[in-house]
Chemist: 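One structure follows; several queries about it will come next.
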Amino acid sequence: MNQLQHHPHKLDFQVERLIFFSDAVFAIAITILVIELKVPIVPENATEKDFLNEFAKQIPQVIGFVLSFFLIGVYWTAHHNMFGYVINYTKKLLWINLVFLFTIVIMPFTTAIYSEYSVTEGHLKLISPYAIYVFNICFTGIMNYILLTYITNPKNKITEFVPENYIKYGKIRSLVTPVIFLISLLVCLLDPGIGRMILFIIPFAMAYIGRKIRKSNLIATTISTKKQKKE
């Protein structure tokens, strides 16, 4: 298991260091995203139309920023929930978490590539820039799945009191976004516009899974209450 040895009184501090470092990486990645947004530059005697035309050129960058901002936010939320159960750590956990954070920290770069080559109709026909971005998202989703699987494995003795339904639906949520992005990429081979529109399914898919989790929690709570009353 590659258990790291530290003074017992330092264990909580070491776990918190891991979480603080992860939070810092998320915060920096989200901040770097906005650097790609440029202020429209127009001549001194420019008209409203000139300004709006220049601003319109920035719309792909704005879309890329908003999309990646919320994706990073979703993965930070998942990471936050995950580590809410963590009471211990291992060397393997450190490295899995580090690789996961790598996929987060490169997202501003892949977002910039995707956004830059979504400006014109000609650029939309280029699949490679979008494929690079999709690969990044898929890599992130897979690492999130691996991280959750490792953390919630009882053999690793890293967590306590993790609800079964959280593990089940957490794994499903980890793979939903990558799968939708892959479908989007495949459709882009036929029609780039429609392919990218498929991404709008993600919020609805996440909301549906969220409802399933809440329903499952309610059922589990009801069953537990009935058992306690019988006892």
Side-chain angles (χ1 to χ4, degrees), residues 1-35 65 67-112 133 135-178 181 202 206 209-210 212-214 216-217 220-221 224:
M1 189 170 60
N2 294 323
Q3 184 72 40
L4 296 179
Q5 298 298 322
H6 289 287
H7 192 283
H9 294 168
K10 285 287 186 178
L11 179 60
D12 290 343
F13 173 70
Q14 295 295 342
V15 172
E16 288 187 3
R17 282 188 67 195
L18 171 60
I19 296 172
F20 290 153
F21 175 76
S22 301
D23 285 346
V25 171
F26 277 103
I28 291 170
I30 275 183
T31 303
I32 293 175
L33 279 174
V34 78
I35 295 176
F65 165 76
L67 178 60
S68 292
F69 180 91
F70 282 103
L71 282 173
I72 292 176
V74 166
Y75 283 114
W76 174 80
T77 302
H79 191 274
H80 173 76
N81 292 337
M82 217 183 296
F83 277 79
Y85 298 103
V86 173
I87 58 169
N88 199 0
Y89 73 104
T90 64
K91 184 177 181 180
K92 188 172 182 179
L93 173 61
L94 293 180
W95 280 105
I96 293 174
N97 188 65
L98 196 60
V99 176
F100 170 71
L101 294 177
F102 168 77
T103 71
I104 296 296
V105 84
I106 63 171
M107 203 173 292
F109 173 66
T110 59
T111 301
Y133 183 62
F135 175 77
N136 186 178
I137 301 303
C138 291
F139 192 10
T140 304
I142 291 170
M143 287 310 304
N144 186 74
Y145 179 89
I146 293 172
L147 185 61
L148 177 61
T149 301
Y150 182 79
I151 284 176
T152 56
N153 187 339
K155 294 180 181 179
N156 297 322
K157 299 179 180 179
I158 291 176
T159 57
E160 282 184 351
F161 310 119
V162 185
E164 285 296 327
N165 66 310
Y166 168 78
I167 300 173
K168 175 184 175 181
Y169 288 109
K171 290 179 178 180
I172 293 174
R173 292 185 72 169
S174 296
L175 298 177
V176 165
T177 299
F181 265 89
I202 294 175
M206 289 298 187
I209 295 173
K212 296 286 286 185
I213 293 174
R214 289 190 292 272
S216 178
N217 284 337
T221 302
S224 177

Chemist: Judged by modelled atom types alone, do Y150 and T90 share a side-chain donor-acceptor pair under 3.5 Å?
Modeler: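 Side-chain D/A pair, Y150 to T90: present.
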
Chemist: Y85: what forms a ring-ring contact (aromatic ring centres under 6.0 Å, His included) with it, not counting sequence neighbours?
Modeler: Y166

Chemist: Which atoms form the tightest heavy-atom contact between Y75 and T177, and what is the distance?
Modeler: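 Distance-wise, the nearest heavy atoms are OH-CB, 4.0 Å.
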
Chemist: About how many Å separate CD1 of I202 and CG of L67, when rounded to the nearest 0.5 Å?
Modeler: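 Here the rounded value is 6.5 Å.
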
Chemist: Quick check for you: to the nearest 0.5 Å, what is the distance between L71 atom CG and W76 atom CH2?
Modeler: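 Taking CG in L71 and CH2 in W76, the distance rounds to 15.5 Å.
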
Chemist: Could you grab the distance from atom CD1 of I32 to atom CD1 of I106, nearest 0.5 Å is fine?
Modeler: 12.0 Å

Chemist: Could you check N153, T149, L147 and say which one makes a side-chain contact (heavy atoms from CB on, under 4.5 Å) with I151?
Modeler: L147

Chemist: For atom NZ of K168, decide whether the heavy atoms of other residues, nucleotides or ligands shown that lie under 6.0 angstrom number more than 12.
Modeler: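 Open: at most 12 neighbouring heavy atoms sit under 6.0 Å from NZ of K168.
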
Chemist: Specify whether F139 and F135 have parallel, tilted or perpendicular ring planes, treating 30° as the upper limit for parallel and 60° as the lower limit for perpendicular.
Modeler: tilted

Chemist: So, S22 and N97: side-chain donor and acceptor under 3.5 Å apart, yes or no?
Modeler: yes

Chemist: So H79 and F83, would you call those rings parallel, tilted or perpendicular, with 30° and 60° as cut-offs?
Modeler: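 Answer is parallel, since the angle falls under 30°.
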
Chemist: Are side-chain heavy atoms of H80 and I19 found at a separation under 4.5 Å?
Modeler: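 With C-beta onward as the side chain, the pair stays apart.
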
Chemist: Which value, rounded to the nearest 0.5 Å, describes the distance between I87 atom CD1 and I158 atom CD1?
Modeler: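 One gets 9.5 Å once the value is rounded to the nearest 0.5 Å.
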
Chemist: For the CZ atom of F109 and the OH atom of Y133, what is their distance to the nearest 0.5 Å?
Modeler: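 It is 13.5 Å, given to the nearest 0.5 Å.
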
Chemist: Give me the ring orientation class for F26 and F100: parallel if the planes are under 30° apart, tilted from 30 to 60°, perpendicular past 60°.
Modeler: tilted

Chemist: CD1/I96 to CG/L101 distance, rounded to the nearest 0.5 angstrom?
Modeler: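 That separation rounds to 12.0 Å.
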
Chemist: Would you say I72 and L33 make side-chain contact, with heavy atoms under 4.5 Å?
Modeler: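 SC-SC contact between I72 and L33 confirmed.
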
